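Hydrogens, waters and symmetry mates are skipped; everything else that's a heavy atom, side chains included, is used. First the proteins, then the strands, lettered A, B, ... as listed; each starts at 1. Note that the structure is a prediction, hence the values are computed from the model and not measured.
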2 protein chains.
Amino acid sequence: MGVRDKLLAVGLRPTKQRLVIGEILLDDVHRHFTAEDLHKELTHKDAGIALATIYNTLGAFTEAGLLRTVSVDSERVYYDTNTDPHYHVYEEDGSKLTDIDASRISIQGIPDLPQGQVVDRIDVIIRTRST
Amino acid sequence: MGVRDKLLAVGLRPTKQRLVIGEILLDDVHRHFTAEDLHKELTHKDAGIALATIYNTLGAFTEAGLLRTVSVDSERVYYDTNTDPHYHVYEEDGSKLTDIDASRISIQGIPDLPQGQVVDRIDVIIRTRST
DNA sequence: TTACATGCAAACTGTTTGCAAATAT
DNA sequence: ATATTTGCAAACAGTTTGCATGTAA
């Protein structure tokens with residue numbers, strides 16, 4: 001399925017900017033990046049897309065389920081093109097994120113949740129540092 | 001052990017401001033809060049402590065191991081007075097954090113880490129929403 | 001032809017910093 | 001005495017917003 005169709009499938013208008021960004025992100029290669037990373041990459045390509053549009057687009061893609069965010073570092077938002085259930089290894093030194101398939105890890109002992117609450121998702125972040 | 005001694009024990013000078021803040025935070029009651037929360041609380045008490053000092057103090061306390069931070073939300077830093085190994089339940093609607101003792105949860109299947117990396121800590125956040 | 005998306009700059013939020021005055025050792 | 005800490009305001013980074021213009025349906 002082409003990028004145009006992926007956008008249409010989730011109800012997003014395939015504008016020129018979204019197509020360019022979608023071409024980079026929506027290709028089954030799992031990436032972790034920040035808005036700034038993407039902005040740099042687009043500037044290289046001379047795509048001339050405004051930073052605000054990048055933020056808008058990442059927000060729209062995330063809301064549409066094409067991306068997800070990862071809370072590893074409170075200074076910036078990391079985006080992840082892998083939307084399947086999975087966890088992360090975070091190398092604190094180099095700020096490098098790696099995926100771990102959810103099926104590899106099992107978690108036991110989740111307690112009863114407060115009244116009327118259901119699990120939305122479980123984040124697991126294995127934070128590592130170099131020896 | 002009094003607050004003054006707790007500060008001295010970790011090599012922090014017991015200034016008036018640190019004593020006031022320590023009196024609030026260092027009492028074995030587990031709290032989750034932001035710098036802003038603490039600032040409001042102190043303003044109520046008319047403690048007249050500058051916001052910058054609150055940030056400095058929280059940073060110093062964290063570095064000294066008296067507090068830890070929790071990455072749940074990239075817009076702000078949450079501090080946690082519980083420094084024992086534990087995990088969190090995060091109610092996404094009300095931004096409420098609750099502790100889960102680490103001993104209650106078991107995690108299996110942690111993959112091999114990259115060369116020269118060791119686990120610093122593992123964060124587990126169970127994100128819930130109301131039904 | 002109309003609702004939605006973009007670009008730009010300005011606004012905003014949370015946090016950090018520089019520096020002179022105050023304070024702990 | 002001297003090294004640290006404080007308060008304040010100004011700076012900063014990342015992100016959001018308002019509005020005029022452009023574009024997809």
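With distances taken from any side-chain atom of Arg13(A) to the nucleotides dG7(D), dA25(D), dA24(C), the minimum falls on dA25(D). Here the nucleotide nearest the side chain of Thr15(A), chosen from dT6(C), dG7(C), dC4(C), is dT6(C). Across dT6(D), dT15(D), dG7(C), the shortest atom-to-atom separation from the side chain of Tyr55(A) is found for dT15(D). The Ala52(A) side chain lies nearest to dC8(C) when the options are dT15(D), dC8(C), dT6(D).
At distances below 3.5 Å, at least one donor-acceptor pair connects side-chain atoms of Asp93(B) with backbone N or O atoms of Ser130(B). Side-chain atoms of Ser74(B) do not come within 3.5 Å of backbone N or O of Arg76(A) as any donor-acceptor pair.
In summary, the side chains of His32(A) and Asp99(A) do present a donor paired with an acceptor at a separation below 3.5 Å, with no hydrogens or angles considered. No side-chain donor from either of Glu41(B) and Thr43(B) sits under 3.5 Å from a side-chain acceptor of the other. A donor-acceptor contact closer than 3.5 angstrom is absent between the side chains of Asn56(A) and Thr53(A). Side-chain N/O atoms of His86(A) and Asp101(A) include no donor and acceptor closer than 3.5 Å.
Rounding to whole angstrom units, CG of residue Leu58(B) and C1' of dT15(C) are separated by 11 Å. Between the CG atom of Asp73(A) and the P atom of dA13(D) there is a distance of 15 Å, rounded to whole Å. Residue Asn56(B) contributes atom CG, which lies 15 Å from atom C1' of dT23(C) at whole-angstrom precision. Going from atom CD1 of Ile54(B) over to atom P of dT13(C) covers 18 Å, rounded to whole Å. In this structure, Leu38(B) places its CG atom 15 Å from C1' of dG14(C), rounding to the nearest Å. For the pair Leu51(B) CG and dT17(C) P, the computed distance is 14 Å after rounding to whole Å. Distance, Leu7(A) CG to dT6(C) P: 10 Å, rounded to whole Å. Look at CD1 on Ile21(B): it is 12 Å from C1' on dT5(D), rounded to the nearest Å.
The residue among Glu75(B) and Gly11(B) whose nearest nucleotide of DNA chain D lies closer to the 5′ end is Gly11(B). Residue Thr57(B) is the one, among Thr57(B) and Glu36(A), whose nearest nucleotide of DNA chain D lies closer to the 5' end (criterion: closest heavy atom). Toward the 5' end of DNA chain C, the nearer of the two residues Lys16(A) and Leu8(B), judged by each one's closest nucleotide, is Lys16(A).
Listed pair Gln17(B) / dG7(D) meets the phosphate criterion, a side-chain N or O lying under 4.0 Å from OP1 or OP2. Within the 4.0 Å cut-off from OP1 or OP2 of dA5(C), at least one side-chain nitrogen or oxygen of Arg18(A) is found.
Within a 6.0 Å sphere centred on CD of Gln115(A), other residues, nucleotides and ligands contribute 12 heavy atoms or fewer.
Helix-axis bend for the helix from dT1(C)-dA25(D) to dT25(C)-dA1(D): the local axis fitted to the five terminal pairs at one end deviates from that at the other end by 30°, rounded to 10°.
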Using the salt bridge (Lys or Arg N to Asp or Glu O under 4.0 Å) rule, take Glu63(A) and Arg68(A) through it: C-alpha gap first, then chi angles, then the decisive distance, then the call. CA-CA 8 Å; Glu63(A) 209 164 327; Arg68(A) 54 172 280 194; over 6 Å; no
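Counting any heavy atom pair closer than 4.0 Å across all strands shown, Arg76(B) reaches sugar-phosphate atoms only and no base atom.
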